[in-house]
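None of these values were measured; they are calculated from a predicted model. For reference, positions follow the sequence shown, starting with 1.
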Amino acid sequence: FFIVLIYWYFCLYRKKRLKIMARITIPYAVADFADLRERGFYYVDKTNYIPGLEDYNAPVFLRPRRFGKSLLISMLASYYDRTKAPRFEELFGGTWVGTHPTQEHNQYLVIRYDFSKMVMANDMQGLARNFDALNCSPVEIMVEHNRDLFGDFQFTNRGNAAQMLEEALAYIRLYGLPKAYILIDEYDNFTNQLLTSYNDPLYEEVTTNDSFLRTFFKVIKAGIGEGSIRTCFCTGVLPVTMDDLTSGYNIAEILTLKPGFLNMLGFTYTETEKYLRYVLRKYSGSEEQFEEIWQLIVSNYDGYRFSPSGERLFNSTILTYFFKNYAETASIPPELIDENLRTDINWIRRLTLSLTNAKEMLDALVIDDELSYNVSDLSSKFNKKKFFEKEFYPVSLFYLGMTTLKSAYRMVLPNMTMRSIYMDYYNQLNKIEGNASRYVPVYELYDSNRSFEPLVQNYFEQYLGQFPAQVFDKINENFIRCSFYELVSRYLSHCYTFAIEQNNSVGRSDFEMIGIPGTDYYTDDRVVEFKYYRSKDADRMLALTEPLAEHVEQVKGYAADTKRKFPNYHVRSYIVYICANKGWKCWEV
């Protein structure tokens, strides 16, 4: 018996050790497809989009930053590069295209550019010099990798990226070599930096006349027309630079909104569910926590829709960040937001041009929770002039990833990350003090007494108390739940995750905070229904000694739904009345 018992303990210990020692195969910050495959990282297969891309000569695909564009570029480079033909099975075995290869695989001379590495300068000469310093080597690398075809070919115009490309393409045409396949990652990265730094004159120089950038794209346009280039595939964030290049590159085909490519970047629900189950099995040994972690990632990371009728997508980088951190400890990471993904607030400042415009836009998003837009504007010409027009803000924000499509008429904030960013900026613009001394004492006390009511009191007195009286006739319940979330998450994100308008079988709960597994707060669940009343109703509501019956039933329904899904949770529910700037009520029901 004792021998069996010892052996059993040994097996458990060994299993635990194996979990601890399991190699992390979550490819966060891995953008090299060959490296990803060689090292056995998890890959969400997007190779089924390759046949569709072959219908285009100059495709452009736009997505918000850090949405997986570089890995897509790397995957295409591995697929089409003739020098990687002997490794086709190694790199693509088990993928969709591995079993459905097109005739064009490993047929081309791949030239790969990355404009995100561009070093900025303050004048045209400096930019041209930096552009050439960055972009001469890709075509030179292609020639060296294919020296068996290029023989004793040598460049005569070293130091000029456009001329070196033109020379290589001329040699390809002259000797009937395989065509070039050009990939340009983040084509608009440095031009966008010019816009955010208010350097409009330099931006206009770069995109007009015979600038180095227009000359470079003219060479590509000519190469496609003359047959030395099979395809030039560009990724980026905005269509602005492409539209401003006008005749320099008027052959571009924007695939961003085409139904067949909507899910080419980002993870669908099906892909994400499969990924999560893999992570749980590999790093925790079971799928026991699937439902609660699924709810957590949907609340925090879901939300992007690139067509009114398209699927909702997860941002691949932010989700991979979560999975990587989970894999390291087999527990929920203490920080759910990848700070690298916090969109530069300078875009909002730059876009709105004036303080009044910025406040109007923020009011629409954090108070009304939506922006109206014209769906035809999504695919219309989108040059720099239009980008900064007030009526075009919603579309500009959409391309930047700061809003997403709710319907064919409305845009909304995509996820909790963006809610937090917008609320933070709203506070800055309205000079709302964020000094920790206003809030820390009550959150310190919460650690010991777990009492929710003081959090509401602190929010009303220390946060809302800073607003002038006239604001209270403009704000609404959406503003209350968003600003309460932003404040509470500052101090309790190490022990709770949060949801706003959580979907459940009886409706959408205003606010929910859920204790994180692995912390002392695990199974502690608080469901809150907020009601906001303006000054004319404030005295009447403050006189109540108990909440209205319909509100009690409402929050009880939300709590019961949570309890059904997670029987082990200790669910506590609250009704909170905020009565303009006159007072508050909080009841636990």
Side-chain angles (χ1 to χ4, degrees), residues 25-31 36 41-49 61-72 75 235 237 256-257 259 261-283 287 289-327 332-333 335-343 397-406 411-421 493 497-503 514 516:
T25 56
I26 311 302
Y28 178 70
V30 178
L36 178 145
F41 283 112
Y42 190 93
Y43 177 58
V44 176
D45 190 0
K46 298 292 186 177
T47 62
N48 57 306
Y49 291 95
F61 195 72
L62 308 171
R63 280 290 180 266
R65 67 191 189 100
R66 294 176 63 81
F67 225 85
K69 297 186 289 290
S70 296
L71 182 58
L72 176 66
M75 182 267 284
T235 71
V237 173
T256 307
L257 305 176
F261 296 99
L262 289 175
N263 299 342
M264 186 163 68
L265 289 180
F267 297 156
T268 65
Y269 265 48
T270 302
E271 290 166 341
T272 302
E273 180 182 338
K274 185 178 177 183
Y275 203 162
L276 174 58
R277 291 189 186 281
Y278 164 83
V279 170
L280 291 175
R281 284 195 307 271
K282 186 174 177 68
Y283 299 104
E287 297 181 20
Q289 287 188 321
F290 175 82
E291 288 299 334
E292 53 192 318
I293 294 179
W294 178 257
Q295 183 168 300
L296 182 155
I297 63 177
V298 168
S299 297
N300 287 274
Y301 303 143
D302 174 31
Y304 291 94
R305 179 182 277 129
F306 296 102
S307 164
S309 58
E311 288 184 67
R312 294 172 71 87
L313 297 171
F314 290 86
N315 179 304
S316 50
T317 299
I318 199 171
L319 192 65
T320 305
Y321 167 85
F322 173 84
F323 286 157
K324 171 78 180 294
N325 279 273
Y326 181 89
I332 307 297
E335 179 54 65
L336 293 176
I337 301 303
D338 176 5
E339 286 301 314
N340 292 323
L341 273 166
R342 284 192 174 270
T343 304
L397 293 171
F398 164 77
Y399 276 102
L400 291 166
M402 296 179 182
T403 61
T404 196
L405 307 185
K406 178 182 181 181
M411 289 187 185
V412 293
L413 299 177
N415 49 43
M416 301 291 274
T417 308
M418 282 301 159
R419 285 183 187 273
S420 177
I421 290 169
S493 60
T497 62
F498 305 92
I500 293 176
E501 292 197 287
Q502 176 78 47
N503 276 318
I514 308 108
I516 294 174

The single option from Y301, F314, Y275 passing ring pair (Phe, Tyr, Trp, His ring centres under 6.0 Å) against F323:
Y275

Spacing of CD belonging to E292 relative to CD1 belonging to I516, to within rounding of 0.5 Å:
11.0 Å

Would you check, one step at a time, whether the test side chain to side chain contact (heavy atoms under 4.5 Å, CB included) holds for T320 with F267?
CA-CA 10 Å; T320 305; F267 297 156; 4.0 Å; yes

Is any side-chain heavy atom of Y49 less than 4.5 Å from a side-chain heavy atom of M75?
no

So if I apply the side-chain hydrogen bond (donor to acceptor under 3.5 Å, both in side chains) rule between T25 and each of Y43, Y278, Y42, which one comes out positive?
Y278

Least distance between heavy atoms, S307 atom then R305 atom
O-CG, 2.8 Å

Might you point out which heavy atoms bring M411 and L405 nearest each other, and give the distance in Å?
CE-CD2, 3.6 Å

Roughly how far apart are K46 NZ and N263 CG, rounded to 0.5 Å?
6.0 Å

Could you give me the CA-CA distance, side-chain angles and deciding distance for N315 and F67, then say whether side chain to side chain contact (heavy atoms under 4.5 Å, CB included) is met?
CA-CA 6 Å; N315 179 304; F67 225 85; 3.2 Å; yes

Is there a donor-acceptor contact under 3.5 Å from the side chain of S299 to the main chain of Q295?
yes

Which distance, rounded to the nearest 0.5 Å, do you find between the CE of M264 and the CG of L313?
12.0 Å

Please assess F322 against N300 for the test side chain to side chain contact (heavy atoms under 4.5 Å, CB included), listing each intermediate value before the final yes or no.
CA-CA 10 Å; F322 173 84; N300 287 274; over 6 Å; no

CG of L319 to CD1 of I26: how many Å apart, nearest 0.5 Å?
9.5 Å

Kindly indicate whether the side chain of I500, heavy atoms from C-beta on, has any atom under 4.5 Å from the side chain of R419.
yes

When you measure from the centre of the six-membered ring of F290, is the NZ or CZ of R277 closer than 6.0 Å and no more than 45° off the axis?
yes

Do any N or O atoms from the side chain of T403 and from the backbone of F398 form a donor-acceptor pair under 3.5 angstrom?
yes

OG1/T317 to NZ/K324 distance, rounded to the nearest 0.5 angstrom?
12.5 Å

Look only at the side chain of T256 and the backbone of L62, and say whether a donor-acceptor pair between them is shorter than 3.5 Å.
yes

Here the gap from F41 atom CZ to Y28 atom OH, rounded to the nearest 0.5 Å, amounts to 13.5 Å

Criterion side chain to side chain contact (heavy atoms under 4.5 Å, CB included) on K69 and L265, from CA distance to verdict:
CA-CA 7 Å; K69 297 186 289 290; L265 289 180; 3.5 Å; yes

